[in-house]
Visitor: 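One structure, pasted below without further comment.
If you're wondering where the values come from, they're calculated on a predicted model, not measured in any experiment. First listed ligand is number 1; within each ligand, the first listed atom is number 1.
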Amino acid sequence: MPVLDQLVSAIRSAAIEVIDLTAKLDATTPVIQLPPPFANTVPFSLHEVSRYDDRGPAWYWNDITTGEHTGTHFDAPVHWITGRDREDVSAIPVTSLIAPAVVLDFSAEAAANPDFLLEPAHIRQWEAEHGPLPDQGWLLYRTGWDARSGSQRDFLNANETGPHTPGVSVECARWLSAEAPVIGIGVETVGTDAGTAHSFDPPFPCHAAMLGAGKYGLTQLQNLAALPPTGAVVVAGPLPIAGGSGSPARVLALVERP
Ligand code: MN
């Protein structure tokens, strides 16, 4: 049987399960809150154009307002100053949008310490058990943060010292960008950097290193708990916004069931 027929057949029989890693978009979808003097993005919103009424008797449709970095979304290299001469979101090769993925689960560590940082030693320890990170694939970093995504307050977890959410260390960001074979990192939090990363040296090291190296970010993922540590394939679909720095994305995972 041709391989695409096999794929369709396996999806229909649930031999390959399709898992939605995407958060629903609505007005309550958490968005990052930067302190003054920085500008902020707007919440997602719908604006009704017509709903089977005088404005359009047989049809319902909306305009939408959204930031590029709202909800489950894709960070293109040009998002960061280190990647300013690199790809915008419309230029991401489509072959990069279908890629293998591994899941590293640090939800217990993040539950104990919301400022938990992934270090190269954690990844080496994981590799000793599961094998190398996937070539041209995603490192999906599970922290359990998706359980908080129904509440902007819980999701951003900010106090008087700023937000407290898990991320990666400066050394780990450098290692992932320069040494690891991955095309990007996917996280459950509002961004790929830790909540406290504004105070790191350099600040926001994951954005700076990964996007500067032409790698990608996926954020606000859900349902990583349903994925195996290895063997999933991720299909990420950002909108091809010309010149865009990122885009809300539908992100699916294909998982082969025994
Ligand atoms: Mn982003």
Visitor: Would one find an N, O or S atom of His73, in either backbone or side chain, under 2.8 Å from the Mn ion (ligand 1)?
Guide: yes
Visitor: Compute the ring centroids of Phe74 and His69, then answer whether they are less than 6.0 Å apart.
Guide: no
Visitor: Before giving the answer on ring pair (Phe, Tyr, Trp, His ring centres under 6.0 Å), spell out for Tyr141 and His122 the whole-Å C-alpha distance, their side-chain angles and the decisive distance to 0.1 Å.
Guide: CA-CA 11 Å; Tyr141 176 24; His122 293 122; 8.9 Å; no
Visitor: Taking the Mn ion (ligand 1) as the reference point, name the nearest N/O/S atom of Asp75.
Guide: OD1
Visitor: Could you confirm whether His69 has any N/O/S atom lying under 2.8 Å from the Mn ion (ligand 1)?
Guide: yes
Visitor: Does any part of the side chain of Thr143, heavy atoms only, come nearer than 4.5 Å to the side chain of Pro166, both counted from C-beta?
Guide: yes
Visitor: Using the ring of Tyr60 (Phe, Tyr or Trp, six-membered ring only), decide whether Arg51 places NZ or CZ under 6.0 Å from its centre and within 45 degrees of its axis.
Guide: yes
